[in-house]
> 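For reference, the structure I am asking about is given below.
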There are 2 protein chains.
Amino acid sequence: MNTTILDQTDLDILRLLQKDARLTNKELALKLHKGSSTMFERVSRLKDLGYITGSVTLIDRNKFDELWISFTQVQLNDHSGEALIAFQNEVIRFPEVLECYHTTGAFDFLLKIVVSDMAGYNKLIVEKLAKLKNVGSLQSCFVVNEAKRELAYPLKDRI
Amino acid sequence: MNTTILDQTDLDILRLLQKDARLTNKELALKLHKGSSTMFERVSRLKDLGYITGSVTLIDRNKFDELWISFTQVQLNDHSGEALIAFQNEVIRFPEVLECYHTTGAFDFLLKIVVSDMAGYNKLIVEKLAKLKNVGSLQSCFVVNEAKRELAYPLKDRI
DNA sequence: ACTGAAAATTCTCTGGC
DNA sequence: GCCAGAGAATTTTCAGT
């Protein structure tokens, strides 16, 4: 994967925007000592090249009684590539499944799941998840406290 | 937790902004059939009340060779409240630990960790994580493929 | 690649319904 | 709570280096 297209300024832009999507080009320009139309051009380029994929507003999950988070690990009975892809394609269609990672280790997938209550959790697991093909063992844990949630990936300087 | 402060329009705003932080007030107004200055007032209020906590730009992680993600579960030897809080306060200071959840189940914490290579992973686990007080067993898995990553929480309509 | 300036658009505030 | 309007600020385009 070629990443030499990005220079130091591009990386700085990505670092800053990962922390605050609403920084204006003028604010970026001030921090990076360039003109604001330069920032406009660079940010547009980063979008066009696919480095920037979108932006999201973050909300305080604790203000909503209906948001209970569970992490569920799934082990399939069939570990063939077809079975893994088939499961993946099905499970990501459930709106309760916010995140789905194919992982190394004893389990094949790690799912981040949101439910509004235990009834919703039970319904998802018993009626939807467990009914998918090849699903072997499941192991779930619920989030008691979210101590940290940093969405900005640390980017290495280009040498 | 009182959530009756929010009406349907507030929820719609939060739903839309969770999907795209860069929607203008004018665009929100069009979608929700209100004036753009009304949107400005409501969004400002949602920020002031703490419902909106920030916004982030998303980048394509696959374009960076240095971003390897691991999920690590940690079990402590001492399950007292003090020990849990002490561990939590230490572990969230590591920049490699992007997310830290206190969870139910056999393990006490689930960590989302980013490293640039196996040397970095080893260093974090052996030299930093395992040296924290009360750390018992660790169980890690690496992300092979990110099949879904939805950051917008589903919000229930107010009745 | 960057700059500066001009045009288009959005933000922010005020007054009034 | 909502809207319209207006001035300020920002985005976006573009010619020039």
Side-chain angles (χ1 to χ4, degrees), chain A residues 1-60 63-66 151-152 155-159, chain B residues 1-60 63-64 151-152 155-159:
Chain A
M1 205 119 334
N2 188 357
T3 54
T4 56
I5 318 174
L6 302 188
D7 64 10
Q8 199 58 37
T9 304
D10 290 320
L11 290 170
D12 289 335
I13 291 171
L14 292 177
R15 285 196 191 100
L16 289 164
L17 288 181
Q18 278 194 109
K19 295 283 185 181
D20 183 0
R22 307 224 47 165
L23 282 170
T24 65
N25 292 325
K26 198 186 177 189
E27 289 167 322
L28 285 174
L30 250 164
K31 287 175 193 284
L32 302 181
H33 311 103
K34 297 273 162 66
S36 60
S37 47
T38 302
M39 288 304 114
F40 175 74
E41 286 165 1
R42 281 184 175 263
V43 173
S44 301
R45 176 170 163 272
L46 290 169
K47 287 178 190 164
D48 291 342
L49 292 175
Y51 285 91
I52 291 174
T53 56
S55 64
V56 299
T57 293
L58 305 177
I59 67 172
D60 183 356
K63 288 198 154 49
F64 296 88
D65 294 332
E66 74 245 40
L151 298 174
L155 302 179
K156 281 203 169 173
D157 285 332
R158 297 294 174 264
I159 327 148
Chain B
M1 207 117 336
N2 189 357
T3 55
T4 57
I5 318 174
L6 302 188
D7 65 10
Q8 199 57 40
T9 304
D10 290 320
L11 289 170
D12 289 336
I13 290 171
L14 292 177
R15 285 196 190 100
L16 289 165
L17 288 181
Q18 278 194 109
K19 295 282 185 182
D20 183 359
R22 307 224 45 164
L23 283 169
T24 66
N25 291 325
K26 198 186 176 188
E27 289 167 323
L28 285 175
L30 251 164
K31 286 175 193 286
L32 302 181
H33 310 103
K34 297 273 161 68
S36 60
S37 48
T38 303
M39 287 304 116
F40 174 74
E41 286 165 2
R42 280 182 176 264
V43 173
S44 302
R45 176 170 164 273
L46 290 168
K47 286 178 191 166
D48 291 341
L49 293 175
Y51 285 92
I52 290 175
T53 56
S55 65
V56 300
T57 294
L58 305 177
I59 66 172
D60 182 355
K63 288 196 154 51
F64 296 88
L151 298 174
L155 302 179
K156 283 203 168 172
D157 285 334
R158 298 294 175 262
I159 330 146

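In what follows, chains are A, B, ... by sequence order, proteins preceding strands, each numbered from 1.
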> Could you measure the distance from the CG atom of A:Leu58 to the OG1 atom of B:Thr53? Nearest 0.5 Å is fine.
5.0 Å

> What's the spacing between A:Ile52 CD1 and A:Ser44 OG if we round to 0.5 Å?
9.0 Å

> B:Met39 has an atom CE; how far is it from atom P of D:dA4, in whole Å?
13 Å

> Can you give me every donor-acceptor pair (side chain of residues 30-40 of chain A, partner residue at least two apart or in another chain, under 3.5 Å) with its distance?
| residue | atom | partner | partner atom | Å |
| --- | --- | --- | --- | --- |
| A:Lys34 | NZ | A:Thr9 | OG1 | 3.2 |

> Can you tell me how far apart CD1 (A:Ile13) and CD1 (B:Ile59) are? Round to the nearest 0.5 Å.
12.5 Å

> Students should find this one: the first and last nucleotides of DNA chain C, 5' to 3', lying under 4.0 Å from a heavy atom of chain A. What are they?
C:dA1 to C:dC11

> Report the distance from atom CG of B:Leu28 to atom NZ of B:Lys26, rounding to the nearest 0.5 Å.
12.5 Å

> Judged by each residue's nearest nucleotide on DNA chain D, which is more toward the 5′ side, B:Thr38 or A:Glu41?
B:Thr38

> At 4.0 Å (heavy atoms only), tell me whether B:Ser36 reaches a base, stays on the sugar-phosphate, or touches nothing.
nothing

> So how far is it from B:Ser55 OG to A:Leu23 CG, rounded to the nearest 0.5 Å?
8.0 Å

> Under a 4.0 Å N-O cut-off, is there an ion pair linking B:Arg158 with B:Asp7?
no

> Between A:Arg15 and A:Leu155 (side chain of the first, backbone of the second, donor and acceptor by atom type, cut-off under 3.5 Å), is there such a pair?
yes

> Among residues 10-34 of chain A, which ones have heavy-atom contacts with DNA chain D below 4.0 Å?
A:Thr24, A:Asn25, A:Lys26

